[in-house]
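We use all heavy atoms of the structure for the numbers below, so side chains are in, but hydrogens, waters and symmetry mates are not. Since this is a predicted model, take the numbers as computed values, not measurements.
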Amino acid sequence: MNNRSKKINFNHSFIFFLVCNIFSLIAFNFNTFSISPFICLLFILSIGISHGSLDNVKGRKLFQIFEIKKFYIFYLAYILIAIIVIILWILIPYVSLITFLMVASYHFGKEDTQFLIVENSYYNQFLFLLKGSLIVFAPMYFHFNETISIFKLLFIENENFYNFLDLIESKKILLYCIILSTLANILLFTKNFELNKFTIFLDYFSIIIINYYFSPLVAFTIYFCFLHSVRHSISLMSELDRDDLSNGFKIFVKKALPLTIITAIFCAIGLYLLNNTYNLESSILKIIFIGLASLTFPHILLEYLIEKNEK
């Protein structure tokens with residue numbers, strides 16, 4: 001089963017790498033080529049968040065382990081954590097942003113690599129963090145001013161924070177951060193080497209390419225929806241039917257659709273309310289990044305609890 005998963009993910013990474021190169025060539029040859037924030041939002045609200053739409057299934061499994069019968073507590077706790085994250089973002093936005101970027105870096109690095117790495121050591125966890133940090137540092141390195149503009153639209157108004165970012169940009173520290181992430185990829189690649197581990201470098205170069213040619217929002221959307229989310233969804237499909245991936249896909253769609261639709265509806269309501277105060281692009285960016293942060297924390301906490309208590 002593990003070898004099957006590695007092969008599927010390798011094929012997925014190879015296709016993703018080819019598609020990224022094709023779209024990058026289009027973007028290079030057509031200066032007017034662009035994708036609107038609204039299209040990015042649609043992709044994230046459909047393909048992107050769908051990989052977390054089976055959290056209720058995982059929650060039920062966790063409640064069975066803890067022998068908790070009142071399952072509505074799961075939904076209440078999940079929603080409460082999401083609301084707390086939004087409140088904290090409003091109260092201490094720059095702290096919330098930094099925390100989110102660090103947690104997201106670890107999550108991306110781990111989820112995109114753990115099918116290749118059996119050993120769950122602290123050393124590997126640190127490498128996952130460095131590997132995933134490429135998602136944060138690449139847009140800042142290639143499109144620093146655009147990334148700063150996004151931060152400012154997310155209620156980040158702390159001057160010291162921006163002075164610090166200006167400092168690390170002027171001192172080329174962002175380049176060193178990318179080098180560290182590159183080193184983490186190399187170390188994960190060479191440890192217990194096997195051919196399927198070329199997946200790591202296919203993903204690495206894909207992320208570099210899309211961040212070089214596309215704006216931070218578009219690059220993140222491409223990565224989040226078509227690499228991270230699809231990969232996580234494939235693993236869920238494999239769990240739903242270990243013998244027939246196509247049947248696993250059907251089951252996944254059926255199970256994921258309700259929560260995906262509900263989440264999209266809440267985001268649409270939030271977008272409508274925000275649009276009364278901010279312009280559409282600003283409202284969309286707030287929905288995407290603050291909304292994702294509010295969903296990421298309970299999602300990661302659930303993954304952690306499942307991982308610790310299934311052993």
Side-chain angles (χ1 to χ4, degrees), residues 1-29 35 40 43-44 47-48 50-51 104-119 123-143 174-175 177-238 245 249:
M1 174 60 196
N2 190 42
N3 288 331
R4 175 170 171 255
S5 174
K6 290 177 182 179
K7 184 177 180 180
I8 291 171
N9 282 307
F10 175 82
N11 291 335
H12 167 230
S13 289
F14 183 70
I15 293 170
F16 182 77
F17 175 75
L18 289 179
V19 173
C20 285
N21 277 277
I22 292 170
F23 273 98
S24 297
L25 285 173
I26 294 172
F28 178 76
N29 288 298
I35 299 174
C40 292
F43 277 126
I44 288 172
I47 299 171
S50 64
H51 80 278
S105 294
Y106 170 74
H107 175 66
F108 292 147
K110 181 181 179 183
E111 290 289 323
D112 292 343
T113 318
Q114 65 178 353
F115 65 94
L116 291 167
I117 308 295
V118 177
E119 185 185 354
Y123 173 67
N124 284 340
Q125 305 302 310
F126 181 62
L127 291 181
F128 291 154
L129 172 65
L130 291 180
K131 180 182 184 296
S133 68
L134 185 67
I135 309 302
V136 175
F137 293 125
M140 292 181 67
Y141 179 73
F142 292 116
H143 304 279
L174 290 173
L175 176 60
C177 291
I178 290 179
I179 291 172
L180 280 176
S181 182
T182 305
L183 179 61
N185 279 272
I186 293 171
L187 291 172
L188 288 168
F189 173 75
T190 55
K191 190 173 185 180
N192 301 320
F193 174 76
E194 56 181 294
L195 288 177
N196 283 320
K197 282 196 171 182
F198 276 104
T199 301
I200 292 174
F201 277 123
L202 287 171
D203 294 349
Y204 170 82
F205 286 114
S206 295
I207 292 167
I208 291 293
I209 289 168
I210 59 177
N211 277 283
Y212 180 82
Y213 284 103
F214 297 105
S215 68
L217 176 60
V218 173
F220 174 77
T221 301
I222 294 171
Y223 161 76
F224 182 69
C225 293
F226 300 104
L227 182 61
H228 177 72
S229 183
V230 169
R231 173 161 295 162
H232 192 82
S233 297
I234 289 172
S235 69
L236 293 173
M237 293 171 201
S238 298
L245 189 64
F249 170 75

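- Heavy atoms of other residues, nucleotides or ligands lying less than 6.0 angstrom from CZ of F249 number 12 at most.
- Contact check for I222 versus F43: no side-chain heavy atoms found under the 4.5 Å cut-off.
- Taken to the nearest 0.5 Å, the CG atom of L130 stands 13.0 Å off from the CD1 atom of I179.
- For F201, the CZ atom counts as densely surrounded, since its 6.0 Å shell holds more than 12 non-hydrogen atoms of other residues, nucleotides or ligands.
- Put simply, the residue from T113, N192, L202 that forms a side chain to side chain contact (heavy atoms under 4.5 Å, CB included) with K197 is N192.
- Relative orientation of the H107 and H232 rings is tilted, given thresholds of 30° and 60° on the angle between their planes.
- Summarising the geometry, atom OH belonging to Y213 is positioned 12.0 Å from atom SG belonging to C20; distances are rounded to the nearest 0.5 Å.
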>> side chain to side chain contact (heavy atoms under 4.5 Å, CB included), that's the test. Do C225 and I44 meet it? Break it down for me.
In response: CA-CA 6 Å; C225 293; I44 288 172; 3.9 Å; yes

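- F189 has its ring centre no less than 6.0 Å from the ring centre of Y204.
- Enclosure of atom NZ in K191 by more than 12 non-hydrogen atoms of other residues, nucleotides or ligands within 6.0 angstrom is indicated.
- You'll find the side chain of V230 stays beyond 4.5 Å of the side chain of F16, heavy atoms only.
- The aromatic ring centres of F14 and F198 sit 6.0 Å or more apart.
- Side-chain atoms of K6 do not come within 3.5 Å of backbone N or O of L116 as any donor-acceptor pair.
- Between F23 and I209 there is no side-chain heavy-atom pair separated by less than 4.5 Å.
- Between L183 and L187, some side-chain heavy-atom pair lies under the 4.5 Å cut-off.
- Among the candidates K131, H12, R231, H228, the single residue satisfying the side-chain hydrogen bond (donor to acceptor under 3.5 Å, both in side chains) test with D203 is R231.
- The number of heavy-atom neighbours closer than 6.0 Å to CZ of F10, taken from other residues, nucleotides and ligands shown, is above 12.
- T199 and N9 get closest at one heavy-atom pair: CG2-O, 4.0 Å.
- With rounding to the nearest 0.5 Å, the separation of CD1 in I210 from CG in N21 is 11.0 Å.
- The minimum heavy-atom distance between F214 and A219, with the atom names listed, is CB-N, 4.1 Å.
- In this structure, the separation between CG on D112 and CD1 on I135 is 7.0 Å, given to the nearest 0.5 Å.
- Looking only at distances, a side-chain donor or acceptor of H51 sits under 3.5 Å from a matching main-chain atom of G48.
- Here the OG-CG distance, from S238 to L245, works out to 5.0 Å after rounding to the nearest 0.5 Å.
- With contacts defined as side-chain heavy-atom distances shorter than 4.5 Å, the pair I35/T221 does not qualify.
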> For F226 and V19, what are the C-alpha separation, side-chain angles and deciding distance, and is it a side chain to side chain contact (heavy atoms under 4.5 Å, CB included)?
Replying inline: CA-CA 10 Å; F226 300 104; V19 173; over 6 Å; no

>> ring pair (Phe, Tyr, Trp, His ring centres under 6.0 Å), that's the test. Do F108 and Y223 meet it? Break it down for me.
In response: CA-CA 10 Å; F108 292 147; Y223 161 76; 5.2 Å; yes

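- S50 places a side-chain N or O within 3.5 Å of a backbone atom of I47 that can act as its donor or acceptor partner.
- The closest side-chain heavy-atom distance from F137 to L180 is not below 4.5 Å.
- Panel note: side chain N124, backbone E119; a donor-acceptor pair is recorded below 3.5 Å.
- In this structure, the side chain of S181 does not engage the main chain of I178 through any donor-acceptor pair within 3.5 Å.
- Applying the 6.0 Å contact sphere to OH of Y141 captures no more than 12 heavy atoms from other residues, nucleotides or ligands.
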